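The next block holds one structure in the form of structure tokens; read it before the comments.
Letters A, B, ... mirror the listed sequences (proteins, then strands); counts begin at 1. As a basis for the values below, the full set of heavy atoms in this structure was taken, side chains included, without hydrogen atoms, waters or symmetry mates. Owing to the predicted nature of the structure, the values given are computational and were not obtained by experimental measurement.
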Amino acid sequence: MAPPSVLTPRALDFPRWYQEVVAKAELAEGGPVRGTMVIRPYGYAIWERIQAELDHRIKALGAKNAYFPLLIPESFLRREAEHVEGFSPELAVVTHGGGKALEEPVVIRPTSETIINASFARWIQSHRDLPLMVNQWANVVRWELRPRLFLRTTEFLWHEAHTAHASAEEAAALARRVVRQVYQDLCEEILGIPVLVGRKTQRERFAGASATWTCEAMMGDGKALQMATSHELGQNFAKVFDITFSDESGERRLVWQTSWGASTRLMGALVMAHGDDAGLRLPPPVAPVQVVVLVARAGEGVAEAAHQLTQDLERAGVRAQLDDRPEPSFGRRVVDWELKGVPLRVELGPRDLAEGRAVVVRRDQAGKASLPLGQLASEVPALLDQVHQGLRAAAAEHLAGRTRRVEDLAGVLAAAREGFAAVPLDALGDEGETALNAEGVTVRLVRRPDGQLPADEDPPAALEAVCARAY
RNA sequence: CGGGGAGUGGCGCAGCGGUAGCGCACCUGCUUUGGGUGCAGGAGGUCGGGGGUUCAAAUCCCCCCUCCCCGACCA
């Protein structure tokens with residue numbers, strides 16, 4: 001029984017496969033304005049789980065949620081030279097309101113550093129007000145020329161956290177801690193996607209930052225995707241927004257800041273990192289439906305048994321859904337649930353029922369198993385964990401298998417056709433980076449060869465650059 | 001903004017002078033149901049907009065609009 005081809009195989013045309021999965025799994029579709037996105041209920045349910053996990057980690061670090069306006073005075077953006085320069089090409093500017101031309105145009109936030117820092121300047125007076133850590137869940141708009149659902153859309157959803165500290169060391173330490181404790185942890189433990197962590201090169205860093213930290217993951221086609229970033233802003237914004245505090249000795253000083261964010265792009269990562277030719281494969285922690293109980297064929301007592309089983313699973317704390325619809329055929333329903341990435345499928349028909357068993361199929365591997373009905377509810381949580389570990393292991397193997405250590409530019413270019421290339425930083429240099437960029441390859445991050453984050457005092461000879469084609 | 005394409009039912013496409021069709025999806029009925037069942041019937045389109053040529057334009061010509069693909073930035 002070869003699975004019917006419902007999708008373009010990944011090997012044939014990966015981008016097309018991606019679009020088809022997003023559409024057929026009912027994750028999202030394009031909005032009426034180019035670059036905008038409608039996130040459908042099934043897709044949004046996944047996002048809500050990611051959101052909850054992120055929110056939890058952000059708060060654990062000490063940040064509190066707040067909300068700042070969508071509309072920002074254009075003059076705010078202008079205050080930080082590098083910041084405006086970085087964002088001006090992708091700004092959406094509102095020139096009219098209330099039927100009249102506005103005296104000062106307002107921009108729709110591309111990020112909220114400026115408007116949040118305007119508040120910080122008022123809120124921070126004393127060293128006792130520090131550290132100040134604020135997070136917001138919001139939509140932002142960056143006019144995109146080449147949009148792709150979830151990966152690059154004109155409007156997207158994200159969280160952005162902004163912090164202010166009394167010392168450079170404290171801010172720097174936080175920016176690094178965030179990469180590991182918030183983002184890497186989320187990606188690996190919840191999304192099941194292994195990531196590399198490191199620092200962005202000067203040309204890849206955020207507009208207005210003194211350093212940018214990143215988590216990079218490898219997608220199914222070997223290309224890199226930036227999962228989240230954390231920025232050390234130094235005193236750049238503090239200077240232009242005059243964010244000062246009186247320290248213990250009464251001296252007036254500028255704060256040191258960070259900002260960090262992760263977006264709905266993570267949804268795209270989920271699709272591209274775990275998906276296979278049958279569709280989405282969702283890690284159980286974010287799957288809206290963890291187990292679907294499928295009536296394979298109607299028969300005496302089957303519907304009742306399936307219903308009971310679903311209830312038992314729910315009582316065991318599993319997100320279970322019963323599919324006893326008579327209408328689409330069994331095969332069709334199977335294909336649909338596979339497309340949607342449901343981690344576990346339980347099939348129940350008269351034959352199984354007669355034996356007091358049910359067929360269990362894991363989405364992360366081929367093959368079926370049969371389990372006694374009475375044991376299912378207690379076994380499923382462990383099975384879900386196995387699916388999660390299975391997906392993680394497959395993604396980790398893929399990353400390891402397509403990452404090569406190389407010694408020079410030619411080696412980078414060769415390796416980047418398949419995946420990631422780790423090259424000694426001093427073998428690359430700024431000219432090397434330019435040469436790579438001309439070939440469509442970018443430096444994703446700089447790190448220590450053992451995978452640790454680089455320290456400020458590390459000489460280039462002690463570091464490596466990980467290069468790849470990227471989304 | 002430079003180069004290349006395309007606009008025809010919800011989606012994907014064919015038709016390229018004689019007044020609109022196919023696949024998928026949708027609706028109804030029967031038949032099926034353990035890996036996208038099969039059959040029959042049905043609904044749905046001022047063929048992107050405007051102008052022109054012609055007895056006759058989705059089709060040919062002109063203008064406009066929009067969208068998509070490839071080259072410079074970004075979560």
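- Applying the ring-ring contact (aromatic ring centres under 6.0 Å, His included) test to A:Phe150 and every residue at least two apart in sequence or in another chain returns nothing.
- Considering only side-chain atoms of A:Arg351, the nucleotide from B:rG35, B:rA75, B:rG34 that sits closest is B:rG34.
- Atom CZ of A:Phe330 is separated from atom P of B:rU31 by 23 Å (rounded to the nearest Å).
- In the displayed structure, A:Arg203 atom CZ is contacted under 6.0 Å by more than 12 heavy atoms of other residues, nucleotides or ligands.
- Within 4.0 Å of A:Arg325, counting heavy atoms only, lies no atom of the nucleic acid at all.
- Within the 4.0 angstrom heavy-atom criterion, base atoms lie near A:Thr153.
- The residue A:Gly261 sits apart from the nucleic acid: no heavy atom pair falls under 4.0 Å.
- Every side-chain contact (heavy atoms from CB on, under 4.5 Å) that A:Pro285 has, sequence neighbours left out, goes to A:Ile190, A:Pro283, A:His388.
- A cation-pi arrangement is present between A:Arg142 and A:Trp158 under the rule of less than 6.0 angstrom and at most 45 degrees off the ring axis.
- How far CG of A:Asn236 is from CZ of A:Arg79: 14.5 Å, rounded to the nearest 0.5 Å.
- No cation-pi contact links A:Lys200 to A:Phe206, judged by a cut-off of 6.0 Å to the six-membered ring centre and 45° from its axis.
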Just the atom pairs and distances: protein N or O near nucleotides 70-72 of chain B's N or O, under 3.5 Å.
from	atom 1	to	atom 2	distance (Å)
B:rC70	OP1	A:Arg146	NH2	3.3
B:rC70	OP2	A:Arg146	NH1	2.6
B:rC70	OP2	A:Arg146	NH2	2.4

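- Residue A:Glu144 is classed as a base contact, given a heavy-atom separation below 4.0 Å to a base.
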